[in-house]
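Reviewing the structure listed below.
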Amino acid sequence: MTTATTSPAVTTAPAFTADPAAHRVLTGDRPTGPLHLGHYFGTLQNRVRLQRQGVEMFVVVADYQVITDRDIADRLAEHTENLVLDYLAAGLDPDRATIFAHSAVPALNQLLLPFLSLVSVAELNRNPTVKDEIAHSSQAAVNGLMFTYPVHQAADILFCKADLVPVGQDQLPHLEVACTVARRFNERYPRADGSPVFPRPEALLSTAPLLLGTDGGKMSKSRGNAISLGATEDETARLIRGAKTDTERRISYDPAGRPEVSSLVLLAALCQDRAPEEIAAELGDGGAAALKRTVTESVNEYLRPIRARRAELATDRGHLRQVLRDGAERANAVADATLAEVRAVMGAI
Ligand code: TRP
């Protein structure tokens, strides 16, 4: 086994210029609960932008990844449909983006087997994101999927030969696994003409700085500190009213020195599409109450059309399931072709 791993190239602004249609994007989320503003400004908005530019997009609902840090995937069908609901409300167009659950694509999952042979146990053991998830898991014992799911995620990316993966910083170790798997597979199993089967995927990092939860910690649905896309305006106001701030009346944008206040300023800035420094200057000596009023209004105004669309789409669960069925059909065709190619270069019959 070769020991060198391959780091992904990282970009924040891909240069599609000439031919956006020559690129394929894959990204995805675990169906564990509603998407929140951290997801929206961290990646969803970016996906909609890419879609508008004409890039081909695959979005995986990573249902098998739910059972890495918990025993049972609670209300899986409901969470899966609601994830699709959030996607569509945010602006993903199922006619242009292939939205599918990875458990519905057998050939994708079968890629896991040869891919597992390309990584060492030592490499699986030192993945920092996996280590962090183990540290935060409430399970009594760590299961085998926890160590191997980054290789499964490589299959998510490589089955459709995606060359661009919009992700947050925490996913970079997983992208390194995908790049390493791609390179080792290509080295070990070249095509007859010597050309590689898999492209090397590149990470597309969001330029938006990290939004904190209303308690100043990492924004997460399980911590009750996140404003979900589907929350009502009253719920939104209540969460922001209870947000942690400090006692200084003067509002400033200083993420390192005043993380909680700055995250609120940033949220208003993202919603208004303005610079956070400008918002802070405008608020001046207004104090936390004025800041929270501005943030609440900005968020509710920004999300109003998204929430209206979401409420309308939510009345037709059959449509959400149909989107997943159509997506699975397209994803299966692509995965079947890739698996056939993989089996051929490996010399399987
Ligand atoms: N691991 C990602 C998360 O927890 C979800 C995911 C699954 C993903 N497969 C992916 C992200 C492929 C990017 C590409 O959010």
Side-chain angles (χ1 to χ4, degrees), residues 8-11 23-36 38-44 46-47 50 55-70 73 76 79-80 83-84 86-87 92 97-105 108-109 111-112 115 124 127-137 145-182 198-206 210-211 218-222 226 327-328 331 334-335 338:
V10 177
T11 177
H23 296 272
R24 191 174 265 183
V25 166
L26 177 123
T27 185
D29 303 279
R30 298 178 183 189
T32 53
L35 294 183
H36 52 64
H39 296 117
Y40 184 83
F41 288 113
T43 160
L44 272 180
N46 222 345
R47 294 180 200 173
L50 289 166
V55 178
E56 189 181 10
M57 183 145 35
F58 283 72
V59 184
V60 62
V61 176
D63 49 0
Y64 276 143
Q65 260 186 37
V66 175
I67 43 177
T68 53
D69 65 353
R70 62 201 79 192
L76 189 58
H79 285 322
T80 298
L83 195 51
V84 176
D86 282 337
Y87 288 157
L92 286 184
T98 299
I99 302 171
F100 67 100
H102 58 183
S103 71
V105 184
L108 181 163
N109 295 301
L111 289 175
L112 178 62
F115 285 2
L124 294 175
N127 185 306
T129 297
V130 168
K131 281 189 190 166
D132 189 61
E133 284 168 349
I134 290 172
H136 287 97
S137 158
L145 186 60
M146 177 61 104
F147 286 102
T148 50
Y149 89 79
V151 184
H152 189 239
Q153 185 159 326
D156 293 345
I157 296 168
L158 297 177
F159 95 90
C160 64
K161 303 190 179 179
D163 63 344
L164 211 51
V165 186
V167 284
Q169 197 80 34
D170 65 314
Q171 297 294 303
L172 288 181
H174 297 349
L175 218 63
E176 180 169 334
V177 175
C179 287
T180 300
V181 164
F198 293 111
R200 192 169 298 176
E202 193 172 326
L204 177 58
L205 274 184
S206 158
L210 209 63
L211 280 172
K218 181 182 170 198
M219 192 184 285
S220 153
K221 49 206 158 204
S222 59
V334 173
T338 301

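Just so it is clear, the model here is predicted, and its values are computed rather than measured. Just follow the structure's listing: the first ligand is 1, and inside any ligand the first atom is 1.
For ligand 1 and V165, the ligand atoms under 4.0 Å from any heavy atom of the residue are 13 (C), 14 (C). When each atom of ligand 1 is checked for a heavy atom of V167 under 4.0 Å away, the hits are 13 (C). Applying the 4.0 Å criterion to heavy atoms of A62 picks out, from ligand 1, the atoms 7 (C). Each of the following atoms of ligand 1 lies closer than 4.0 Å to a heavy atom of D156: 7 (C), 9 (N), 10 (C).
Note that CG of D69 and CE of M146 are 5.0 Å apart. Values are rounded to the nearest 0.5 Å.
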I'd like to know whether H152 forms a ring-ring contact (aromatic ring centres under 6.0 Å, His included) with F115, so could you lay out the CA-CA distance, the side-chain angles of the two residues, the decisive distance to 0.1 Å, and finally the verdict. CA-CA 8 Å; H152 189 239; F115 285 2; over 10 Å; no
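Contact detail for V105 and F100: the closest heavy-atom pair is CG2-CD1, 3.6 Å.
The single protein non-hydrogen atom nearest to atom 4 (O) of ligand 1 is R30 NE, 3.2 Å, given as residue, atom name and distance. Atom 14 (C) of ligand 1 has L26 CD2, 3.6 Å as its closest protein atom, hydrogens excluded (heavy atom only). The protein heavy atom nearest to atom 6 (C) of ligand 1 is Q153 OE1, 3.7 Å. Looking only at heavy atoms of the protein, atom 2 (C) of ligand 1 is closest to Q171 OE1, 3.3 Å.
At a cut-off of 3.5 Å, with distance as the only test, no side-chain donor of N109 or H102 sits close to an acceptor on the other residue.
Looking at Q65 against ligand 1, only its side chain comes within 4.0 Å, counting heavy atoms.
Checking side-chain atoms of T338 against main-chain N and O of F159 turns up a donor-acceptor pair under 3.5 Å.
Under the 4.5 Å side-chain criterion, counting only non-hydrogen atoms from C-beta, T11 is in contact with E202.
Ion pairing of D29 with R47 is present here, as a side-chain N (NZ or NE/NH1/NH2) and a carboxylate O approach within less than 4.0 Å.
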